Student: 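First, the structure itself, so that you have it in front of you.
All heavy atoms count here, side chains included; hydrogens, waters and symmetry mates do not. Keep in mind the model is a prediction, meaning the values are calculated, not measured.
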Amino acid sequence: MNAVNASIRKKDAMALVTGKPVYTDDIAPKDCLVVKVLRSTHAHAMIKEVKIDAALKVPGIECILTYEDVPKTRFTIAGQTYPELSPYDRLILEQRVRFVGDGVAIIAGKDESSVLKAMKLIKVSYEILEPVLDFTKAKDHKVVVHPEEDWKVLIPLGPDKNRNIVCHGTEEQGNFEEEYAKCKYVIDETYHTKANQQAMMETFRAYTYMDAYGRLNVVASTQVPFHVRKTLATALETKKSNIRVVKPRIGGGFGAKQTVVAEIYPAIVTWLTGKPAKIIFTREESQIASSPRHEMQIRVRIGADEKGKIQAMGINTLSNAGAFGDHTPTTIGLSGTKTLPIYTSNAKAYKFEYEGVYTNQMAAGAYRGYGATQGLFAVESAINELAAKMNIDPTILREKNIVKEGDFMSAYHGETANSCALDRCLEKAKEMIDWDNKYPCKDLGNGKVRSVGIAVAMQGSCINDVDVASVSIKISDDGFYNMNIGATDMGTGCDTILAQIAADCLDTDVNNIIVSGVDTDISPYDSGSYASSTTYLTGMATIKTCEELREKITAAGADMLGCKPEEAEFDGNSVINLTNHKSISLIDIANNSMCGSNHTLEACVKHTSPVSPPPYMAGAVEVEIDKETGHLDIIDYVAVVDCGTVINPNLARVQTEGGLVQGIGMALYEDVVYGKDGTCYSNSFMQYKIPSRLDVGQIRVAFESSYEPTGPFGAKSIGELVINTPSPALANAVYNATRVNVRTLPITSEKIIMGMLNK
């Protein structure tokens, strides 16, 4: 390997650091209509009347749309493979508004000032209804969030909208209650994770226009171009062939842009007026009308015998869907399937119950970690509490119970852990943090104490038997390669990583691979960049495509050499006749294929996987806590990751560091706060703190690679895994310093000091 496992610079690095116009708003036409949304000020209401006469008189206003002006077909904005698990419960605009920030009217005009002026002149009369704001009381509440008759699901997972239930299910192996009752040591605790915002640098945005063929063109900052096309076709009641979606450079997504949050608004304006239009969400809109992480309440019960072997584990998850069911049926499942397998390979029983419910709050969506993050905070915290009850080191309890290579994971789709270095990750993390000398804590003698905390995690590498990836590669003049992918590079560097894989498969330099981004008219189909699938799934599609293309190159070269394909070999630069050792260069083969040739030097191969091999990691943290104020400072955070073969160490390291910072934000700072009337108060970065570089201390990353036989060059995923350990590790460090268990995130100074006072 020359390119794989090398820290090659991202292909777009220079364009980004020199400020080239690459993002959506940079390349939007100057004559676009500006689109904005008038939003509801009530959590639950029926619109009685929308007066727009005065607003329409504002110079420059092109149109104002209300629920009476848009199609009436319900759809989901969850970017998932069809048929989606998420309910079809949305309209573009609806007479019933279901949260503060829900759309009431769409205003389009020649510039922002005229649109904002018109927005102030729109008068809306409401019949105010009682909202459901507490998700723990939403089930069977007298207020039904979705009473409409045309609500539907394509794949039902126990829904009952009249009871505000989006989904419900149970999975059990063995008799959990019976085995749990036998255990000498048990834990039964409930944990609460709050909603979190992805807070990507580039807010939601898109622009639209009609092309010369009368087709709607959508240029959007999205992780799921093909799913955007499907969603818009459903919402606009037209065929997919009438819509083209193009993805430019994305300024961050973290799962937020797996939901079709903004694209429908300029699309309906262009669809009805024929004029180009664009929408740029403000930071406030991205905070109050977007797709944050699901708030969850998770009860964990774990039982172990006198030797510390876990015999039974039970998880019960309640998830707050918000006003719509976007991603709830899929996210909630990962709170169990990405936690139970870590400890139940040798357990006698496990049980996983889940329920997602509607409320009159902003609908939740996809966020890095996708349900596993919430579940791992709960399960890893419970493991640490179990160790404390047994009076043993939590790393030792894990060493006795964690999944190891070769273990059968019945709780993880019945897969076997064919590649697993979690035990080595844990050992390495302990060594890096100097666990044995620092556990549990050291009193500094000045009112401050230093302590350490630990957690482990797993994720997946795709949605097995669902997600697909495709890659097309062709040889162009003079022998360079054009590579078209359907996967979305959202800053992760997948354009570069896939080019590295292709370069080694084709025995060429990575700079000889020209990668093109996603255009649904041109790119081969890809499910999208989510579920940590790009390196693992699209990487394998790349390998298959290169294998087919090599065969075609060999056949073309053999034809020119006058021999059979089986008598020739391609070495990356030339095709060689193995009999007489004559050769012909790739440049000559490529140029010859352009004139008088029947050889098509292009290949496109699709790949899906029946398995989703988990990556694993261990995270350990050292903190300093002021016992008089509860103030916490992170001194050191170490992460050791098993993502199989590391394709690009620099990019993998940056992915890990970024995920850890987001996890630290979830653990210590971030909290979407609502008022009693359903208003979201966390509407800016003044009210919603995300960590800066000064807040996260030292971060150190190491890799303990395994080899995954089903992945490209042995690789697995890394993107989501790395956000999962900070919350439980920090909670463990707080306990080791203060004997306070913080079970509701975020972990604040107030919670620490009040916990100490209560003790």
Side-chain angles (χ1 to χ4, degrees), residues 74-90 98 132 134-177 190 193 259 291 293-301 313-341 349-361 363-366 370-372 374-375 378-379 410-414 460 463-466 531:
R74 292 198 179 273
F75 58 94
T76 177
I77 63 172
Q80 300 167 349
T81 299
Y82 182 88
E84 303 95 338
L85 289 170
S86 299
Y88 279 40
D89 54 8
R90 285 184 180 265
R98 293 183 172 84
V132 183
D134 185 343
F135 79 116
T136 66
K137 299 176 182 177
K139 179 181 175 181
D140 294 325
H141 197 282
K142 64 180 180 180
V143 175
V144 177
V145 178
H146 281 273
E148 65 272 12
E149 294 301 318
D150 56 348
W151 183 100
K152 67 177 181 180
V153 289
L154 304 183
I155 302 178
L157 291 178
D160 190 341
K161 71 177 184 65
N162 295 320
R163 301 177 64 198
N164 289 330
I165 298 174
V166 181
C167 57
H168 170 85
T170 301
E171 179 185 338
E172 184 172 13
Q173 178 170 294
N175 189 319
F176 168 76
E177 298 295 347
T190 299
T193 62
T259 305
S291 56
R293 187 186 298 284
H294 287 76
E295 178 184 17
M296 291 187 184
Q297 179 176 280
I298 302 174
R299 180 188 181 192
V300 181
R301 291 186 288 169
M313 182 178 288
I315 298 173
N316 190 306
T317 301
L318 177 66
S319 180
N320 184 1
F324 302 95
D326 314 331
H327 292 281
T328 296
T330 46
T331 303
I332 196 171
L334 274 64
S335 67
T337 58
K338 298 298 194 301
T339 54
L340 286 165
Y350 67 81
K351 187 175 185 179
F352 175 41
E353 299 175 278
Y354 61 85
E355 200 157 62
V357 293
Y358 282 120
T359 63
N360 290 112
Q361 292 178 340
Y370 205 76
Q374 298 95 310
V379 168
S410 58
Y412 187 68
H413 319 297
I463 304 175
N464 56 298
D465 288 322
V466 174

Student: Main chain of G336, side chain of T339: is a donor-acceptor contact present, judged purely on distance under 3.5 Å?
Tutor: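 Flag set: sc T339 to bb G336 pair under 3.5 Å.
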Student: Which value, rounded to the nearest 0.5 Å, describes the distance between E355 atom CD and T170 atom OG1?
Tutor: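 If I round to the nearest 0.5 Å, the distance is 9.0 Å.
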Student: Applying side-chain hydrogen bond (donor to acceptor under 3.5 Å, both in side chains), run through T330 and Q80 and close with a yes or a no.
Tutor: CA-CA 9 Å; T330 46; Q80 300 167 349; 3.1 Å; yes
Student: Give the intermediate values and the outcome of side chain to side chain contact (heavy atoms under 4.5 Å, CB included) for residues R74 and K152.
Tutor: CA-CA 8 Å; R74 292 198 179 273; K152 67 177 181 180; 5.9 Å; no
Student: Between C167 and I332, is there a side-chain heavy-atom distance shorter than 4.5 Å?
Tutor: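 In short, these two side chains touch, coming nearer than 4.5 Å.
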Student: E84 and A78: which non-hydrogen atoms are nearest, and at how many Å?
Tutor: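 What the structure gives for the nearest pair is CG-O, 4.4 Å.
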Student: Is a donor on one side and an acceptor on the other found under 3.5 Å between the side chain of T359 and the backbone of D134?
Tutor: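 Absent.
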Student: From D326 CG over to I77 CD1, what is the distance, rounded to the nearest 0.5 angstrom?
Tutor: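 One finds 4.5 Å between CG of D326 and CD1 of I77.
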Student: Given the rule in the side chain to side chain contact (heavy atoms under 4.5 Å, CB included) test, do Q297 and T190 qualify, once you have shown the distances and angles that lead to the verdict?
Tutor: CA-CA 7 Å; Q297 179 176 280; T190 299; 3.5 Å; yes
Student: At what distance, to the nearest 0.5 angstrom, does CG of L318 lie from NE2 of H168?
Tutor: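 Reported to 0.5 Å precision, the distance equals 11.5 Å.
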Student: Tell me the closest heavy-atom pair linking N320 and Q361, and the distance in Å.
Tutor: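 Heavy atoms of N320 and Q361 come nearest at ND2-OE1, 2.9 Å.
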Student: Indicate the atoms forming the closest heavy-atom contact of T76 with P87, along with that distance.
Tutor: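 Of all heavy-atom pairs spanning T76 and P87, the closest is CB-O, 3.4 Å.
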Student: Report yes or no: does K351 contribute a side-chain atom to a donor-acceptor pair with the main-chain N or O of E177 at less than 3.5 Å?
Tutor: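 A pair under 3.5 Å: no.
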Student: Which value, rounded to the nearest 0.5 Å, describes the distance between D465 atom CG and H413 atom NE2?
Tutor: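 The CG atom of D465 sits 9.5 Å away from the NE2 atom of H413.
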Student: Rounded at 0.5 Å granularity, tell me how far CD in E171 sits from CG in L340.
Tutor: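 Taking CD in E171 and CG in L340, the distance rounds to 7.5 Å.
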Student: Could you measure the distance from the NE2 atom of H146 to the CH2 atom of W151? Nearest 0.5 Å is fine.
Tutor: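 If I round to the nearest 0.5 Å, the distance is 8.5 Å.
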Student: Show the nearest heavy-atom pair for residues G158 and I165, with the distance to one decimal.
Tutor: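 Closest heavy-atom pair between G158 and I165: O-CG2, 3.8 Å.
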Student: Using modelled atom types and a 3.5 Å cut-off, is there a donor and acceptor pairing between side-chain atoms of R98 and backbone atoms of V145?
Tutor: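 Yes; at least one donor-acceptor contact below 3.5 Å.
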Student: Please report the C-alpha distance between T328 and Y358 in whole Å, then the side-chain angles of each, then the deciding distance to 0.1 Å, and finally whether the side chain to side chain contact (heavy atoms under 4.5 Å, CB included) criterion is met.
Tutor: CA-CA 10 Å; T328 296; Y358 282 120; over 6 Å; no
Student: If you compare all heavy atoms of H294 against all heavy atoms of A321, which two are closest, and at what distance to 0.1 Å?
Tutor: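 In this case the closest contact between H294 and A321 is CD2-CA, 4.1 Å.
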Student: Specify the closest pair of heavy atoms between S86 and H327, including all atoms of both residues, with the distance to one decimal.
Tutor: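 Heavy atoms only, the tightest pair is OG-N, 3.1 Å.
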Student: Measuring only between side-chain heavy atoms, which start at C-beta, is T331 closer than 4.5 Å to M296?
Tutor: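 Yes - at least one pair of side-chain heavy atoms lies under 4.5 Å apart.
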Student: Using atom types as modelled and distance alone, determine if a side-chain donor or acceptor of D89 lies under 3.5 Å from a backbone N or O of G325.
Tutor: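 Looks like yes, one N/O pair under 3.5 Å.
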Student: Are the side chain of N175 and the backbone N or O of A349 linked by a donor-acceptor pair below 3.5 Å?
Tutor: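 Not at all, since once roles are kept as given, no pair shorter than 3.5 Å links the two residues.
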Student: Output yes when a side-chain donor or acceptor of N164 lies under 3.5 Å from a complementary backbone atom of A138, and no otherwise.
Tutor: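 Checked: pair present.
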Student: F352 vs Y354, test: ring pair (Phe, Tyr, Trp, His ring centres under 6.0 Å). Steps then yes/no.
Tutor: CA-CA 7 Å; F352 175 41; Y354 61 85; 5.5 Å; yes
